[in-house]
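Accompanying notes for the structure given below.
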Amino acid sequence: MTGAAVTSAGPVRGIYRHGVTLREASRVWLRVAGLSFGGPAGQIAVMHRIIVDEKKWVGEKRFLHALSYCMLLPGPEAHQLAIYIGWLMHRWPGAIIAGGLFVLPGIVSIMALSVVYAAYGGVPLIAALFLGLKGAVLAIVLHAVHRVGSRALRSRAMLALAALAFVGIFFFAVPFPLIVIAAGVIGFIGARSGSAAFQVGGDHGEAGTGGSDEGLLGAELPEHARPTLARALRVSALWLALWLGPVLLIGLTSSGGTVFADIGTFFCKMAVVTFGGAYAVLAYMAQRAVETYGWLKPGEMLDGLGMAETTPGPLIMVVQFVGFLAAYRAPGALPPMLAGALGGLLATWCTFVPCFLWIGLGAPFIERLRDNKPLSGALAGITAAVVGVILNLAIWFALHSWFHEAHRVKDFGFSLDLPVLHSLDPWALLLSLAAMIAIFRFKAGMIPTLLACSAAGVLLHLVGLV
């Protein structure tokens, strides 16, 4: 790669300074999407393992810096993280490819399952097929908690923040935004006072070039990441039009009565107000979709969540199932299946397109301030809290994978889910333990572990054990 072919400003004739072509990036993002099971914790784990550890596109510090920012935003944080890194690597084409491919497998899977569900009812075969997959995902998530925690929690203060975040959200149901704000304020004050405790560390000499932890992207701020007012206005105008234009068009021209207007309005509002990660979004959506709009029943909401948990893509992809059933049951003049498909795609569009707007507006400023010590301290504090939150999500995922039932305990200030012991699924537990042993003890790769556990789940189903 010669100096004539590459400039510091970016690509010339499709060649980028970091050496990763857009075609290669597309293959990697499709692989990330295909392996992104298990909710945000699983997706972040897969992304970290492939993007940071394997491909070394960005360093540990930059990955955690971006993740901390995405945790502050409304909507699916893992999807936003993919958009952020895609944008850093290949500008807006990279962002669109990363963000689009990240949700594509989920869109196809949930749409197909929604059609089957509407036509034939439940899909127990799908749950059986993905039984082993859940065990592998849980092991991958726990491995990510260990790897990210060992690199990010380099001081007692950071370790304490992670522990407090976990205790607060797991035992006392402290709202996630409050945890993030408190951790950010503590990190900001600590860094401003000159403390070295609030710094995100990395494994120096491992990643990237030049023996640093900066990855192939390097430490220099890319030209396209420099914030300007004109650029911010262009991004706002473009993505607002792309986000709201189809919503208004479908709502005004469809023959489905008011259901499409309700779907568009509800999911657009949800995209703006739902902070706190996928599980906070799901709680809000389930309550409104079931109790306020009456689009589906509580048991059907759980069925949709099960589909989202056992298919690739963001957990919040359950919005497509909700939108599908809402329009399928009130199709107006349209055929029910067509109305359902439009309703599902409309809900998906309203949920995921705003992520491009949030990243396009905020990421340049976050990148520009990456070396600002007080802000870096605030994001380091948030990163520590995120480790505790991911551990909470891993335990939540384990609880609902190993046990068929759980009940909420609220007493003496505590608020947590406890499993119903007699509902234990021994095969799910054994598959999870096997996956953990394979990854932690024998250093098995992610794909072999996923394939082996999936095969084991299918075999158990075929012999009638599950």
Side-chain angles (χ1 to χ4, degrees), residues 27-56 60 63 78 105-106 109 125-153 166 203 206-207 306 308-315 387-404 419 424-466:
R27 291 194 297 266
V28 172
W29 286 118
L30 186 59
R31 179 183 164 204
V32 169
L35 297 174
S36 293
F37 295 85
Q43 291 145 19
I44 292 168
V46 168
M47 219 180 307
H48 181 272
R49 187 152 181 170
I50 294 176
I51 301 300
V52 178
D53 293 336
E54 181 183 325
K55 297 297 181 180
K56 304 187 188 302
E60 185 77 28
F63 182 88
S109 301
L125 178 61
I126 299 300
L129 287 173
F130 288 99
L131 173 68
L133 192 62
K134 288 185 179 182
V137 168
L138 178 58
I140 292 169
V141 170
L142 291 174
H143 193 241
V145 172
H146 175 262
R147 291 180 67 85
V148 174
S150 64
R151 296 178 181 183
L153 309 180
F166 171 75
D203 289 346
E206 288 185 6
E309 285 181 332
T310 53
T311 52
L315 183 61
V387 175
V389 170
I390 294 177
L391 178 59
N392 165 72
L393 296 181
I395 294 175
W396 187 94
F397 186 66
L399 175 67
H400 291 273
S401 297
W402 294 345
F403 297 90
H404 295 295
L424 173 68
D425 185 336
W427 292 113
L429 175 59
L430 287 173
L431 287 171
S432 295
L433 293 176
M436 291 177 201
I437 293 171
I439 288 179
F440 282 92
R441 176 67 179 84
F442 297 103
K443 312 298 181 185
M446 179 173 57
I447 293 178
T449 304
L450 285 165
L451 291 176
C453 288
S454 297
V458 171
L459 181 61
L460 289 171
H461 174 69
L462 291 177
V463 299
L465 294 176
V466 296

At their closest point, which heavy atom of [X] faces which heavy atom of [Y], and how far apart are they?
X	Y	answer
Val32	Val46	O-CG1, 4.1 Å
Ala33	Pro312	O-CB, 3.4 Å
Trp402	Met436	CZ2-CE, 3.9 Å
Ala78	Gln43	CB-OE1, 3.3 Å
Leu431	Cys453	O-SG, 4.2 Å

Quick check for you: to the nearest 0.5 Å, what is the distance between [X] atom [atom1] and [Y] atom [atom2]?
X	Y	atom1	atom2	answer
Arg31	Glu54	CZ	CD	4.0 Å
Thr449	His143	OG1	NE2	10.0 Å
Ser36	Ile44	OG	CD1	10.0 Å
Glu60	Asp53	CD	CG	7.0 Å
Leu460	Trp427	CG	CH2	5.5 Å

- Hey, are the side chains of Phe403 and Leu429 touching, using non-hydrogen atoms and a 4.5 Å cut-off?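 When only atoms from C-beta onward are counted, Leu429 and Phe403 do not touch, as no gap falls below 4.5 Å.
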
- Check the pair Ile51, Val28 against side-chain contact (heavy atoms from CB on, under 4.5 Å), reporting the backbone distance first and the verdict last. CA-CA 8 Å; Ile51 301 300; Val28 172; 4.0 Å; yes

